[in-house]
There are 2 protein chains.
Amino acid sequence: MPKAPTSADVAREAGVSQSTVSYVMSGKRPISEKTRRRVAEAIDRLTYEPHAGARALAGHRTSTIAVVMPLRQASSAERLMIFVEEFTYAARRRDHDVLLVTADEGAAGLRRVAGRSLCDAIVVMEVGSHDARVETARGLAVPVVFVGIPDDGEGLDCLDFDFEGAGEVIVSELAGLGHRTVDVIGWGEDVHAQGFNYIPRFTAGAERAARRSDVRLRWHRASTGEDVRRAVDNARAASGVPALAVVTAIPETLHALSERRLRPGRDVDVVALTTGFVSEADGLTNVSTRPRDVSRRVMERVFGLIDGDLATRGGADLVPASLTRGGSTRSRPADRPAGPADNHREKEAS
Amino acid sequence: MPKAPTSADVAREAGVSQSTVSYVMSGKRPISEKTRRRVAEAIDRLTYEPHAGARALAGHRTSTIAVVMPLRQASSAERLMIFVEEFTYAARRRDHDVLLVTADEGAAGLRRVAGRSLCDAIVVMEVGSHDARVETARGLAVPVVFVGIPDDGEGLDCLDFDFEGAGEVIVSELAGLGHRTVDVIGWGEDVHAQGFNYIPRFTAGAERAARRSDVRLRWHRASTGEDVRRAVDNARAASGVPALAVVTAIPETLHALSERRLRPGRDVDVVALTTGFVSEADGLTNVSTRPRDVSRRVMERVFGLIDGDLATRGGADLVPASLTRGGSTRSRPADRPAGPADNHREKEAS
DNA sequence: TTGTATGCGTTATCAA
DNA sequence: TTGATAACGCATACAA
C-alpha cells in the first residue's frame, strides 16, 4: 500500500510550488494556462486527492452537511429516503458530503457535530413544536436549517410543507362535494406522542375549513390496521356517501374499503395526504407533501447561509399545498358537469 | 461568536501541557487521577470538543464510515432506512459517524472518499453481480464491506441475507402443502435491469427446491399494480387452490386478492418475502430478509477490519433464511393436524 | 503570475 | 507520570 500523494508531491512532479497546486485546485487566484495544465497532469498521474482533514484544519470549512434524522416511527420511510437522497445529491452538486446524525443524540448531537468542526451546516429533520434543539441551534457556530416549524423558532431558518394549507384544501374539497361530515384517518397515538408540529398545523387548517364550510370533522388516530378498520366502519355509520380524509395508512385504508365493497369515487369519497410517489397514491385524489421540493428548498437555504447570502437568512418558508383530483372522489354534482376532463386538475390552497 | 477552544486552551486552564490533554482524551497512557480530574473539569468548563479535521490529520483516522447508497428504485424504502439507521447507530456505539455516498458516483465515489481520507472504512450496499466497484475496492487503502454477493468477489468482505435459502424454503413450504404449481410474483423489469445479485440467487434456490419437489414455477416480473393483478389472475387460472410466492409488491398483491375474494390461507396459499417489519407483513406466512441482522453483522465486520482482527477478514457471510408460519397458508393436510398451534413456528433453510 | 513561510489543532515520539 | 516537540497536509498572507 503506497502512501497517498500530497499536494507537495504534486508540486514536485509539476515543478511548481505547493501553494501553486493549492491555488490551482481552489481557483482563488489567476494561474497561467501553462502551469495549470502541468499541475492538472501531475494530479492525474499521481491520482492525487486532497486530504479532507488537512483541508478542514487549514481552510476552516469541512465540505460536509450534517443531517439529523427523525426518530424511527416519525415519518414514512419513503418520505425519509426521498429527503436523504435529495439532500445528498444537492450536497454533491456543491462538492459537499452528508454526515448522518441520529435523532436520539438530541441537542447534544448538534453541539457535537458543530463543536468538533464536522460540518459547515446542520439540517434538522422533523423538528417538534417544542424542541430543545431550537434553543441549542441559536448558540452554534454553524448555520442550522430546520425542517418543520417549531413554536419558538423566531428568527431561525425553518422550512416545511404547508400542512395547514393541506388540511384546509382537503376538507374544502370534500365539503365542496356536499359532505357535512368528514372522517379523518389521522396519525396514530405514537406519532402524536412525539409532538411534531405538523400535526397541529394540519389540524388547524382542517378545522378552519370545516368551520367555514359548516362541516363536522371526526378525527381517528390510527396506528394499526384495526384502528383503520374501526375508523372506516365509523364513517360508514353515517347516512349517505362517506367522506374520508386519509393522512396516514393509505394502503390499509384502501384495503379496509375494498373488504367492505366500498369503491372510492363511487361509494365513498377519499382524499389522501400522500408522502411519497409510490403506487399507493395511484389515481387517488390527493395532496402531496412534495418531499423533493421541500428538500431542494432546504438545501438552497443551507448553501445560501454557507455562502453568507444575508437575504436567505431567518424566517419560515412554506411549500404550498395543492390538490390533484383523481378517481377516488366523485365529480362535482353542482357547480360543474361530471366527466373525465374533471380529473387531474390542480387546485391551490387559499 | 467566540472562537472554539482548543486542547491548548484546556491545557492552560488545567495547568498541564497540551499533550497531557490529548492523552487524557485518548487514554493511551497512564494519567494520575488528580490530573485526569483537573483536565476533565477544564474540558467541561470550556465545553471543549476536539477538532475532527486536526485529529484525522495527525491521527490517520477519521472516525467516519462511508456508506454507499443503492440507486433509487433498487430496494424498498423501509429496508433501506433500516440499514441506514442500524449502520448509524452501530457507528455511534463505536464513536464513529456515517457519511453518505450516492450510488451514482460509482467506483469513482469509492476512490474519492478513500483518497481524500474521508473515512476509515466503506460499506457498499446493493452490489451487482458484476460490479465495477468490486475491482476498485481491491486497490483502496481502506477496508470495504459489500452488502450482497458479487460473482467476482473472491477474497473480498461480503455479507448478505441468504436469498438462495429463502427461495428454497419458500418453494418447499408451498410444495409441502401439496401444490404442483407455484406462481412467483417477482421483482420487476426495472429491478432486474440493475443486475442485483440477489435476484439470481433467489431464483436458483427456488428452482432447486422446485426440482426437488417436482413443482413447476411460473415467474411474473411485477413492476406495477397491473402486473400484479395479471399475475394473480394467471395463478387463479390453474385448477385447485393457487399458490403464491410474493417477493415484491405485497400490499398490491393482497389488494388484488381481496378484490377477487380470495382469502389467503383459505382460497389461496401465500408465502411472502418481507423486507421490513411493516404492517403489510402482519400475519403472513413469510421469510424476512432480516435487515437489522444483516446491518449488525456488516458493522461487526467493518469494525473488525478497522481493528485489524485478521480473523474477520475476507469471504462471504450469509444471514440464514427462516420461515415463519402465519395465517396466509393453510395448515398441512397430511403430516400434521390443523390447528392454531401450527402457526408461527419457524423453519430453517436447509 | 508565482514562490516562501506560517499556522491550523491534533497525535505520538522522545526525553525527563 | 508528565512535558517539549516534530510531524500531519493544506490554505493563505505576504513577498517578489
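Letters go in sequence order (proteins before strands), and every chain restarts at 1.
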task = Check the pair B/Arg55 / B/Ser63 against side chain to side chain donor-acceptor pair (under 3.5 Å), numbers first and verdict last.
result = CA-CA 9 Å; B/Arg55 262 201 172 165; B/Ser63 296; 5.5 Å; no
With rounding to the nearest 0.5 angstrom, report the [atom1] to [atom2] distance, [X] to [Y].
| X | Y | atom1 | atom2 | result |
| --- | --- | --- | --- | --- |
| B/Thr88 | B/Leu99 | OG1 | CG | 11.0 Å |
| A/Thr64 | A/Asp120 | OG1 | CG | 6.5 Å |
| A/His96 | A/Phe303 | NE2 | CZ | 4.5 Å |
| B/Asp309 | B/Arg301 | CG | CZ | 11.5 Å |
| B/Arg292 | B/Ile82 | CZ | CD1 | 4.5 Å |

query = Reading nucleotides 9-16 of chain D from the 5' end, what letters show protein touch, with B for base, S for backbone sugar-phosphate only, - for no heavy atom under 4.0 Å?
reply = BBBBBB--
In a table with atom names and distances, give each donor-acceptor pair under 3.5 Å that connects a side chain of residues 107-118 of chain B to protein atoms at least two apart or in another chain.
{"residue": "B/Arg112", "atom": "NE", "partner": "B/Glu105", "partner atom": "OE1", "Å": "2.9"}
{"residue": "B/Arg112", "atom": "NH1", "partner": "A/Asp97", "partner atom": "OD2", "Å": "2.8"}
{"residue": "B/Arg112", "atom": "NH2", "partner": "A/Asp97", "partner atom": "OD1", "Å": "2.8"}
{"residue": "B/Arg112", "atom": "NH2", "partner": "B/Glu105", "partner atom": "OE2", "Å": "2.9"}
{"residue": "B/Arg116", "atom": "NE", "partner": "A/Glu49", "partner atom": "OE1", "Å": "3.1"}

key: First-last contacting nucleotides on DNA chain C - partner chain A, under 4.0 angstrom, heavy atom   =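 Extent of the interface on DNA chain C: C/dT1 to C/dG9.
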Stepwise salt bridge (Lys or Arg N to Asp or Glu O under 4.0 Å) test for A/Arg37 and A/Glu41 = CA-CA 6 Å; A/Arg37 221 195 39 251; A/Glu41 287 168 1; 3.7 Å; yes
request  = Kindly indicate, with the supporting measurements, whether the criterion side chain to side chain donor-acceptor pair (under 3.5 Å) is fulfilled by B/Thr102 and A/Arg92.
outcome  = CA-CA 9 Å; B/Thr102 53; A/Arg92 283 307 304 147; over 6 Å; no
task = Starting from the C-alpha separation in whole Å, work towards a yes-or-no answer on salt bridge (Lys or Arg N to Asp or Glu O under 4.0 Å) for A/Glu300 and A/Arg297.
result = CA-CA 5 Å; A/Glu300 281 168 20; A/Arg297 305 243 323 240; 5.1 Å; no
message = Assess whether a salt bridge exists between B/Arg138 and B/Glu135, defined as any Lys/Arg side-chain N lying under 4.0 Å from an Asp/Glu carboxylate O.
response = yes
ask   = Regarding B/Arg29 and the six-membered ring of B/Tyr23, is the cationic atom NZ or CZ under 6.0 Å from the ring centre and inside 45° of its axis?
value =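 Judged by the rule (NZ or CZ under 6.0 Å from the ring centre, within 45° of its axis), B/Arg29 counts as positioned above B/Tyr23.
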query = If an axis is fit to five pairs at each end of the helix from C/dT1-D/dA16 to C/dA16-D/dT1, what is the angle between the two, to the nearest 10°?
reply =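 So the angle between the two local helix axes works out to 30°.
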request  = Without swapping roles, check the side chain of A/Asp152 against the backbone of A/His130 for a donor-acceptor pair under 3.5 Å.
outcome  =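 Such a contact is absent between A/Asp152 side chain and A/His130 backbone.
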ask   = Mind checking whether B/Tyr198 and B/Phe196 have parallel, tilted or perpendicular rings, split at 30° and 60°?
value =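 The arrangement is parallel - the two ring planes meet at less than 30°.
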task = For DNA chain C, determine which residues of residues 33-47 of chain A have any heavy atom closer than 4.0 angstrom to one of its atoms, and list them numerically.
result = A/Thr35
key: Close approaches to DNA chain C from residues 109-116 of chain B, in residue order (heavy atom, under 4.0 Å)   = none
inquiry  = Under the side-chain contact (heavy atoms from CB on, under 4.5 Å) test against B/Val127, which residue among B/Leu156, B/Val147, B/Val134 passes?
reply    =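 Of all the options given, the one that passes is B/Val134.
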